Amino acid sequence: MKTLLKLELKKTRLWPCIFGGLAVVAAALAIGGMFLAIGHTSGRSDPRLSSLAFVLQMAMVILLVGFSLVAAALCNLVFIEPYTGRNLALTLSLPISRSRILLAKLIFVGLFTALSYLAGTAITLTVMLLIDRLVGSLGTGSPGSLLEQVLLMLVTSLAGLVGLVGIALSIGFWKRSLPIMFAVLLLLDAVVGNLLSLSPLLSALLLLIIFLASLPAWWLLHRTLMKIELP
């Protein structure tokens with residue numbers, strides 16, 4: 001398995017995904033900073049904008065949407081191109097079982113996405129918390145309560161990220177179309193982004209539902225990849 005992971009790392013062009021992740025973090029800092037500024041100035045008239053938990057939640061929504069697009073781009077490099085392009089014969093002729101190859105690809109995509117998302121989230125939230133403390137905290141309640149909310153959003157966002165990408169990738173691979181995959185993902189991101197402005201508990205429930213809904217999609221993708229034959 002380690003050899004397969006090294007092979008994926010060697011042959012996959014990760015720099016576009018890395019730069020995409022950095023751009024997502026920059027966007028989350030910019031938009032999160034805007035919400036933070038509103039909360040410290042004119043946000044007192046809106047209880048949500050004057051809540052540090054809500055401001056951090058909005059930043060994490062941007063991170064979720066942005067990294068779902070980064071993960072989809074990586075899935076295109078790892079799944080769609082090898083299984084629909086000129087390298088199909090090479091991919092299917094490897095002297096290794098397809099299940100192991102697919103597992104290695106899933107682990108590779110999952111590790112890169114999870115690590116980049118966690119790193120981006122840690123950077124974004126740390127910078128925003130430092131700025132909030134410097135200008136006068138919006139936080140209401142104990143630090144432990146805020147930490148619990150952030151951890152809940154982090155765990156459910158990771159689950160939602162798996163769900164969003166799984167549904168979009170399965171549809172895109174079924175249609176053999178990268179534009180369709182991104183169109184589906186953008187539609188899902190738009191719906192999820194709007195609904196995630198609700199309470200953290202409702203947001204967590206929504207993301208878990210998306211994750212559960214994606215499990216059949218991942219299973220169908222697995223079956224499709226296992227049955228592909230050379231033309």
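Computed from a predicted structure; not experimentally measured. Side chains included, hydrogens not; waters and symmetry mates left out as well; all remaining heavy atoms used.
The distance from atom CG of Leu188 to atom CD1 of Ile171, rounded to the nearest 0.5 Å, is 7.0 Å. Here the CG-SG distance, from Leu106 to Cys75, works out to 8.5 Å after rounding to the nearest 0.5 Å. For the atom pair OG1 of Thr124 and CG of Leu129, the computed distance is 10.5 Å after rounding to the nearest 0.5 Å. Here the straight-line distance linking atom OG1 of Thr156 with atom CG of Leu161 works out to 11.0 Å at 0.5 Å rounding. Taken to the nearest 0.5 Å, the OG atom of Ser214 stands 11.0 Å off from the CG atom of Leu221. Atom OG of Ser157 is separated from atom CG of Leu151 by 11.5 Å, given to the nearest 0.5 angstrom.
Considering every non-hydrogen atom in both Met128 and Gly33, the closest pair reads CE-N, 4.4 Å. In terms of heavy-atom proximity, Ile210 sits nearest to Gly160 at CG2-O, 4.2 Å. Taking each heavy atom of Gly32 and Ala59 in turn, the nearest pair found is CA-CB, 4.4 Å. In terms of heavy atoms, Ser68 sits closest to Asp189 at OG-OD2, 2.9 Å. Listed here is the closest heavy atom pair of Lys105 and Val78: NZ-O, 3.2 Å.
The side-chain heavy atoms of Val61 and Val192, taken from C-beta on, include no pair separated by under 4.5 Å. For the pair Met153 and Leu207, the minimum side-chain heavy-atom distance is 4.5 Å or more. With a 4.5 Å cut-off on side-chain heavy atoms, Ile31 and Met58 do not count as touching. Leu185 places none of its side-chain heavy atoms less than 4.5 Å from the side chain of Leu169. Contact check for Leu154 versus Tyr117: side-chain heavy atoms found under the 4.5 Å cut-off. Proximity of Thr113 to Val70: side-chain heavy atoms (C-beta onward) are nowhere separated by under 4.5 Å. Taking 4.5 Å as the limit, some side-chain heavy atom of Trp218 sits within range of a side-chain heavy atom of Val162. You'll find the side chain of Phe67 reaches within 4.5 Å of the side chain of Val25, heavy atoms only.
By the rule that hydrophobic residues join a cluster once side-chain heavy atoms approach within less than 4.5 Å of another member, Leu220 and Phe173 end up as members of separate clusters. When hydrophobic clusters are built by joining Ile, Leu, Val, Met, Phe, Trp and Tyr residues whose side-chain heavy atoms come closer than 4.5 Å, directly or via intermediates, Leu158 is grouped together with Leu212. Linking ILVMFWY residues whenever their side-chain heavy atoms come closer than 4.5 Å, directly or via other members, places Phe112 and Trp15 in the same cluster. Residue Leu56 is not grouped with residue Val155 when hydrophobic side chains (ILVMFWY) are merged at heavy-atom distances under 4.5 angstrom, including chains of intermediate members. Placement of Leu206 and Leu187 in two distinct hydrophobic clusters is found when ILVMFWY residues are connected by side-chain heavy-atom separations under 4.5 Å, directly or transitively.
A donor-acceptor pair under 3.5 Å is formed between the side chain of Asn194 and the backbone N or O of Ala190.
Applying the side-chain contact (heavy atoms from CB on, under 4.5 Å) test between Arg13 and each of Ile18, Leu74, Leu77 identifies Leu77 as the sole match.
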CA sep, side-chain torsions, deciding dist, call: Leu69, Leu186, side-chain contact (heavy atoms from CB on, under 4.5 Å): CA-CA 8 Å; Leu69 296 173; Leu186 287 172; 3.8 Å; yes
